[in-house]
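Down below is the structure, laid out as structure tokens.
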Amino acid sequence: MEKKLMVLDGNSIASRAFYALPLLTTDEGLYTNAVYGFTTMLLRMLDEEKPTHLLVAFDAGKVTFRTEEYKDYKGKRLKTPGELSAQFPLLKELLNAFNIKHYELNGYEADDIIGTISAQAEANGFTTLIVSGDKDMLQLVSDKTRVALTRKGISEVELYSPAEVEAKYGLTPAQIIDLKGLMGDASDNIPGIPGVGEKTALKLLHEFKTVENVLDHVSEIKGKKLQEKIAAHADDARMSKELATILRDAPIEVTLEETVYQPYNQEKVVSVLERFAFKSLLERLGLNSAEANGAPVQAQEEIDFVTITEENREAWADKLTSPMAVMVEVDAENYHGAPIHGISLADGTVRLYVPFDQAGWPALIKWMADPEQKKWVYDAKRSQVALAWKNIQLEGICFDVLLASYLSNPSETNHRLCDVAERYGMKLASDDAVYGKGAKRSIPEASILGPHIARKAETIYRLRDKMDAALKEEGLDELFYDLELPLATVLGDMETHGVRVDRQRLDEMGVELTEKLERLTKQIHELAGTEFNINSPKQLGEILFDKLQLPVIKKTKTGYSTSADVLEKLESAHEIVPLILEFRQLGKLQSTYIEGLKKEIREETGKIHTSFNQAVTATGRLSSTEPNLQNIPIRLEEGRKIREAFVPSEPGWFIMAADYSQIELRILAHISQDENLIDAFRRDMDIHTRTAMDVFGVDEDEVTSLMRRQAKAVNFGIVYGISDYGLSQNLNITRKKAAEFIERYFSVFQGVKRYMDNIIAEAKKNGYVTTMLKRRRYLPDINSRNFNLRSFAERTAMNTPIQGTAADIIKLAMVNMAQRIEEEKLASRMLLQVHDELIFEVPEHELETMGKLVSEVMENALPLDVPLKVDVNYGKSWYEAK
DNA sequence: TGTCTCACG
DNA sequence: ACGTACGTGAGACAA
């Protein structure tokens, strides 16, 4: 059998885990986050790699041969925090329980143990995988030895063979040492050459291969300053290289035979995991006998219910009461026109299951359509729309478990009924368990299906009071009852009505695009000198950067980046590049919008029926799927033409589009109370021009188009939670320049600055931020010691109240609009929402009324200290409504 | 299934 | 020094 050694860098992974995870403690007061993170990583790698031999290497003590040589080695490193160092004994205890060999050697680092054992492994025909968070390890990569580096804390690893090292750095593994020699390593206090960072070091190595060779050819290096620096620090470079070199022949006493990975004693492992309170790991290893092995399906309580038949239904008619939980079991993910298995009902005493062939039960039809009969459901819109396709009306919904769960934590992606139930201490079999997953999905026999659906209604019934209390507790009840719940009905009506799409128009555009794409394909293949798949980033990268030798601007995990911003920088480098950009643009139109949309036109109605998802985004926005009608092209004219195919569903009608102007910046003005920003909007100025005037200190007529463009980018940045790096990327300017813009912005808009500081402080204190309608988003990483996680949370804290309040406002406008259309008995219909705009179809004689009504309702949805402004346009298609 | 790319606000 | 703009969904490719 093939021998496979896995070596883990104990110190590196444990400290990565420590900084990536919150500081977990057990009841006894043990800190365990590093141990926990290390263990999950270990188990994952064991699972994926299935090694035959296994070793964990640790550093030993402060004094190593490297400190002897260079007293400042690791000199500036912050002391290991006590909360971390206390975890190493625990980690070793856990490794012992798992029967995993660990080793440390006085005077040497874990690196050297790893370097030595892997050298021995290579000599003995092993393949080796080294797991670490330290890039230095890449120098050990070879045909037989791979390195897995942790990414994003410890949640991912990136595997390196020689090819990946080459792809990422353009270096051989051995040259990694030279890289360190030149650039140094601040965390280990290895000096390198001052002023030489990764970019310069790579450039030098691509040309001269080694540190020694660089030093021998100083005079040939471009840049006088650089030459001087290198000459002055030649010894530093030599020493740095030496320090960075991992030993392959340390005097270790551990042998390969000792690292054989053997089965462990379950009792010992259980006792250690229990002491550390690693419940999820116990479960993962199947070690907490009862829960992990017993199927949850059996754990749920049996309930009594009656299945409605032709014969017994008369007797149950008067049991349909108010309130009652209703579960409409729809067969498919996409509920438009989908089959329905059945409907179950529960009111605490009565429990009914109505197979769908009994759905024509007159008492039920009447009860469902009666708005006075209160219904509690899971996913109101799904129930309403699926029934509407069967011409069954559902009214009177006054609780929705899905929406309640979403509001209680909009960052949660899983709101399945079974999981919500579990969070509230109840058991319910998952749909996956009952129906099967993927290819195995099937409808179970009636003796399983009926009880499952009946249990769902029962679960909804039991959840309602608890969830209602939870909503009130968090101040989310108004948002829920007055906004989200009524909105579900409005959205359901919009989806059911659908949008008329002119298939012929799409066909015509498709034919034109096909011709253009064929021409472009030929030209591109000719210029490349070979035929290849232009849609494959891999093949395209090879053509551009290997064959045609264009300069590499950016790389991805898997190879060269060929994204539009990279290609735009290469546009003048080769005539093939603009053709590829055009191919990409037209290809996207063809596949996603022409072909994609045509597939979504329903036979039954000749319309497209999207689904608005009301419970996915973390900010409170809607999203749209199958198809997504919130990303129909508009920015480029060729794409915008797609909108010509979106037409009214009645002859002679019009499409009307009403969009909020700068709603997010207006909200920012209101919540920050920035005087300058408020003034700008009260004067109804062009906000980007005004920003340019203030930031660049010029008069209105001196604002150039460049200045306005840059000011616009700054405004976007402000809304997103500004960072100098992000702005520099967007504007293609240096980070320093971007930082200057931001500083100048904040000196003029001091109220905005104050808001940004305050909202972050608030988030740190409360653990969440809120919108104007009290919608809440939790930010668990806001106090993280991991810079990346924390920064992300801070930007989110700045952005969410703005984006979320905009979502609140347009949702209010939608509910109000639907009500006004009904009250005023208008024929017009709301069709779509695209975050800051609403699309309607309107008969000619209602154009004037609707134009006024829409702007009135939208502008007054929520009064702010600045006016909200709405632009209304209409035309014979969505394209013309501009 | 994950990755890349790109469409929108 | 770290490595990023905020929020989405879909199609194509390559395992």
Side-chain angles (χ1 to χ4, degrees), chain A residues 19 76 151-153 156 183-187 197-198 410-411 438 533-541 554-567 581 584-585 587-597 599-600 610-613 616-636 639-640 642-643 659-660 662-664 713-714 716-731 735 738 742 777 785-804 806-807 810 832-837:
Chain A
Y19 288 109
K76 288 209 180 119
R151 280 173 40 119
K152 292 194 181 165
E156 287 176 18
M183 65 184 273
D185 183 338
S187 68
E198 184 172 300
S411 303
N533 185 345
I534 310 169
N535 274 323
S536 158
K538 186 160 171 272
Q539 295 182 34
L540 180 61
K554 200 163 81 183
K555 289 198 168 188
T556 66
K557 267 194 256 194
T558 52
Y560 307 115
S561 168
T562 66
S563 63
D565 62 320
V566 169
L567 296 185
L581 280 167
R584 279 258 179 87
Q585 192 201 326
K588 175 93 181 173
L589 291 180
Q590 178 76 298
S591 66
T592 306
Y593 295 103
I594 302 291
E595 297 305 327
L597 285 178
K599 278 187 223 140
E600 300 288 346
T610 185
S611 298
F612 287 106
N613 203 326
V616 285
T617 74
T619 55
R621 275 188 176 182
L622 301 177
S623 79
S624 156
T625 59
E626 287 185 289
N628 181 354
L629 293 186
Q630 292 182 319
N631 70 348
I632 303 302
I634 189 167
R635 293 173 189 169
L636 300 171
R640 190 174 197 156
I642 299 284
R643 295 180 175 224
D659 67 295
Y660 281 112
Q662 303 298 346
I663 188 169
E664 292 190 336
V714 173
F716 270 103
I718 293 293
V719 171
Y720 292 157
I722 196 101
S723 77
D724 50 10
Y725 182 86
L727 183 64
S728 73
Q729 287 295 300
N730 189 296
L731 281 178
R735 212 163 120 163
I742 295 167
R777 179 176 183 180
R785 283 152 301 159
N786 178 311
F787 176 88
N788 282 329
L789 293 178
R790 188 177 66 248
S791 304
F792 189 30
E794 287 173 356
R795 292 197 295 273
T796 311
M798 296 186 256
N799 171 263
T800 295
I802 302 172
Q803 192 182 118
I810 195 163
L832 297 171
Q833 186 250 47
V834 192
H835 310 306
D836 67 352
E837 67 175 321

Without decimals, in angstroms, what is the distance between [X] [atom1] and [N] [atom2]?
X: A/Gln803; N: C/dG7; atom1: CD; atom2: P; answer: 7 Å
X: A/Ile642; N: B/dA7; atom1: CD1; atom2: P; answer: 12 Å
X: A/Leu731; N: C/dT4; atom1: CG; atom2: P; answer: 19 Å
X: A/Glu794; N: C/dA5; atom1: CD; atom2: P; answer: 16 Å
X: A/Phe612; N: C/dG9; atom1: CZ; atom2: P; answer: 12 Å
X: A/Lys557; N: B/dT3; atom1: NZ; atom2: C1'; answer: 7 Å
X: A/Leu589; N: C/dG11; atom1: CG; atom2: P; answer: 14 Å

State which residue, out of A/Asn631, A/Asn613, A/Asn628, fulfils the side chain to side chain contact (heavy atoms under 4.5 Å, CB included) condition with A/Ser623. A/Asn613
Any base atoms under 4.0 Å from [X], or only sugar-phosphate, or nothing? Heavy atoms, all strands.
X: A/Ala793; answer: nothing
X: A/Val719; answer: nothing
X: A/Ala564; answer: sugar-phosphate
X: A/Gln539; answer: sugar-phosphate
X: A/Asn533; answer: sugar-phosphate
X: A/Glu837; answer: nothing
X: A/Ser791; answer: nothing
X: A/Gly721; answer: nothing
X: A/Thr800; answer: nothing
X: A/Ala806; answer: nothing
X: A/Arg584; answer: sugar-phosphate
X: A/Ile802; answer: nothing

For C/dG3 and B/dC6, measure between their P atoms and round to the nearest Å. 24 Å
Please measure how far the P atom in C/dT4 lies from the corresponding atom in B/dT5, and state the result in whole Å. 15 Å
Sort out the partner of B/dT3 for me: Watson-Crick or G-U wobble, both distances under 3.5 Å, none otherwise. C/dA12
Is the shortest side-chain N to carboxylate O distance from A/Lys588 to A/Glu595 below 4.0 Å? no
Is a side-chain donor or acceptor of A/Thr610 paired with a backbone partner of A/Pro627 at a separation under 3.5 angstrom? yes
Determine: side-chain N/O of A/Lys538 to OP1/OP2 of B/dT3, distance under 4.0 Å, yes or no. no
Is the distance from OP1 or OP2 of C/dG7 to the nearest side-chain N or O of A/Thr619 less than 4.0 Å? no
Does A/Asn631 get its side chain close enough to the base of B/dA7, under 3.5 Å, for a donor-acceptor pair? yes
Taking donor-acceptor contacts at under 3.5 Å, does the side chain of A/Arg777 reach the base of C/dG7? no
Can you tell me which nucleotide in C/dA5, C/dG3, B/dG9 comes closest to the side chain of A/Asn788? C/dG3
Tell me which nucleotide among C/dA14, C/dT4, B/dC6 gets nearest to the side chain of A/Arg795. C/dT4
Can you work out whether A/Gly596 or A/Arg735 has the more 5'-proximal nearest nucleotide on DNA chain C? A/Arg735
